[in-house]
Amino acid sequence: MDPDTMTDAGADSAHRAGRLAWPAERLRAKALEIRRDIVTLLAKAQSGHSGGPLSCADFGTALFFHELSVDPANPAWPERDFWHFSIGHVTPVIYSLMAERGYFPLRDLMKFRAFDGHLQGHPSCQDTPGIEVSSGSLGQGLSVCCGVAMAARLDDHPRRVYCVMGDGEQQEGQIWEAAMFAGHRRLDNLCGIVDYNRKQIDGDVEDICGIRPLADKWRAFRWNVIECDGHDLDAVLAAFAAARAHRGQPSVILAHTVMGRGVSFMADDYRWHGKPPKMPEAEQALAELGTSYAAWSARLLAGGADRDAAPSPDGVGP
Amino acid sequence: MSAAIALPAKVEKKKTREGFGRALVALGEADPRIVVLVGDLVESTMTSFFAERFPERFIEVGIAEQNMTGIAAGLAAMGKIPFLATYGAFATCRAADQLRVTVAYSDLNVKIGGAHGGISVGPDGATHQAMEEISIIRSLPNMSMVVPCDYWETYKATLAAARHQGPVYIRFGREDVPVVTAEDTPFTLGRGEVFAGGEDLTIVACGVMVYEALRARATLLASGIAARVVDLHTLKPLDVALLERCARETGAIVTAEEHQVNGGLGGAVAEAVVRAHPVPMEFVAVMDRFGQSGKPDELMDAFGLRARDIVVAAERALERKRKA
């Protein structure tokens, strides 16, 4: 299986192995679906985090549908890139991306956090196919990714390693242990992405324990720092390309985002960090996103393993 | 089946951690997946042998045990068999959450060599005398744990840890300790060994306390008491069948460990025995207090971790057995 060939083939199916390399316009349409998935699964579960998943939706879509070389049908594909969300609480966006990419059926999203489902509140590699290492206790993911990057170096393997972190998470000391290690080892197969939405569960990051100047901190730890608007897909794709091209240092993309982006009453409000929308709120959110709970939950429930067979009631999507 | 270990007439002493260091080299020769990580303690953990032989597979992480634990997890996720080495205090307490969430919950194939376990660490004092590892590791699902008694058992435990799929913790001490086993003494991960027979009571020990238990047995034998000695090197998974058999056949148990009494070997054995066949039990352990500086021998005496302490505990257990 040659990922490059897959990319060139046009990659119409979201199941395909390798890099999909979708263009920005197509990613925008998919990101809208991801937001609908997030709100719908949160409304169904009545439990989980809203704000962070919505701020991650755009660069997350770019990661899964453009950048990453993976095979959702065979998550252990030896040639795969490695992706890891150190911010385990953004499972609504992680699971939506995974289901839309073809790791498991869309209908599984309707059992988010449910006893009889496989989608734990925080990612569990023992429960969900495609999750490689469990996370949920903040600050630990970049170390894991350093280990993966070291393994690739030992094996002379071209694997790239992507670690999504939160901005509040930058307050964890272990992040900087790992940053120091990766900088020291010049792990240029490693790319960090910070969801820089400026909010954390108790309020504004800068009010609670300020992380500024964040770019300078990463530079001081010998990283290549790339800043972009995390909702501008052209900018995000350019950032990924720049990270991939950079040699001799790990790269970190500071993706400037808005918590709760895409839903008017959630946007930029830290109070939406850790709670789900109640059903009337979900209906309003989904209306803003151009659908309804009935329509979108029906789409998810009809979505089996064959992603392309799922109806798209609003005509958006593949 | 029993290994029949006699108290050596002439005691040879060796460091358990040297068994770890030598075994890593043997593993490295046989399997390219073996990787060793250390947190600025190359000499102390005796990973220096591996570092010299396989520099490309040796990762010096620096003073960052939480990071080292995560890096090991990432290596394991990619099919490597990482052994990380540091002091037990840091491997367990410092990196407890990393062990819990990243390693154990993910059930990753990470091997942890925890050096400097026990009060016999000596002059460095309480901060460096790890005495909580069994309690911590035993409470984490998916983990296995071995507390070997001497050089050869540590060597074999290290080889066995590499063969086992899943996270394993191996605890070793700082001091030279008596070599009571031989190269060909049987060792199976998850199975205790009866080192010496006896029907009056059972002494269940791990680590350096196995030697003390053998000495205690000799003293008791002089008073006509036949104590069985079990080397319970694997704390998890526990050899419940053996413990049940010992409880049924001898009717009294003394546990002996160089570790806190709460949640250690004694606790593990008690949980198994209470379920299977309750008998009077006594505990030789560190009695819920921190360590202190001193010479290893002074501290073993002061903290009641000697053969004579096992003898006293055995007499108490036998007294209760008679009254029962």
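Since the model is a prediction, treat every value here as computed from it, not as a measurement. Order of the sequence lines fixes the chain letters, A, B, ..., with proteins taken first and strands second; residue numbering starts at 1 for each chain.
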Participant: Check B:A73 against A:V144 and note the closest heavy-atom contact, atom names and distance.
Facilitator: CB-CG2, 4.5 Å
Participant: To check you understand the geometry: which heavy-atom pair defines the closest contact between A:A151 and B:M78, and what is its length?
Facilitator: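 Where A:A151 meets B:M78 most closely, the heavy atoms are CB-CB, 3.7 Å.
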Participant: Give a yes or no on this: more than 12 heavy atoms of other residues, nucleotides or ligands lie within 6.0 Å of atom CZ of A:R113.
Facilitator: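 Enclosed: over 12 neighbouring heavy atoms sit under 6.0 Å from CZ of A:R113.
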Participant: Check each atom of A:C125 against the heavy atoms of chain B and say whether the ones under 4.5 Å are side chain, backbone, both or neither.
Facilitator: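 Contact with chain B: side chain only.
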Participant: List the atom of B:A64, the atom of A:E177, and the distance in Å for their closest heavy-atom pair.
Facilitator: CB-OE1, 3.3 Å
Participant: By a 4.5 Å heavy-atom criterion (distance strictly below it), what part of B:E56 contacts chain A: side chain, backbone, both, or neither?
Facilitator: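 B:E56 touches chain A through backbone heavy atoms alone.
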Participant: Which atom pair, heavy atoms only, marks the closest approach of A:V148 to B:G74?
Facilitator: CG2-O, 3.5 Å
Participant: I'd like to verify something: which residue of B:T102, B:V61, B:V103, B:L37 has the highest number of heavy-atom pairs under 4.5 Å with chain A?
Facilitator: B:T102
Participant: Any ring-ring contact (aromatic ring centres under 6.0 Å, His included) pairs touching residues 30-62 of chain B, not counting sequence neighbours?
Facilitator: B:F50-B:F54
Participant: Sort B:A72 into side chain, backbone, both or neither according to what part of it lies under 4.5 angstrom from a heavy atom of chain A.
Facilitator: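 For B:A72, there is no contact with chain A at all, as no heavy atom is under 4.5 Å.
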Participant: Got a sec, which residues hit ring-ring contact (aromatic ring centres under 6.0 Å, His included) with A:F112, two or more places apart in sequence or on another chain?
Facilitator: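 Result, ring-ring contact (aromatic ring centres under 6.0 Å, His included) vs A:F112: A:Y95.
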Participant: Does any backbone or side-chain atom of A:R153 lie under 4.5 Å from a heavy atom of chain B? Answer side chain, backbone, both or neither.
Facilitator: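 Neither; nothing under 4.5 Å.
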Participant: Shortest non-hydrogen contact from B:L75 to A:G147?
Facilitator: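 Taking every non-hydrogen atom into account, CD2-O, 3.4 Å.
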Participant: Under a 4.5 Å heavy-atom cut-off, does chain A meet the side chain of B:V35, its backbone, both or neither?
Facilitator: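 The side chain, not the backbone.
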Participant: Looking at every non-hydrogen atom in both residues, tell me the closest pair between A:S134 and B:Y105 and how far apart they are.
Facilitator: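 So the two residues come closest at CB-CD2, 3.4 Å.
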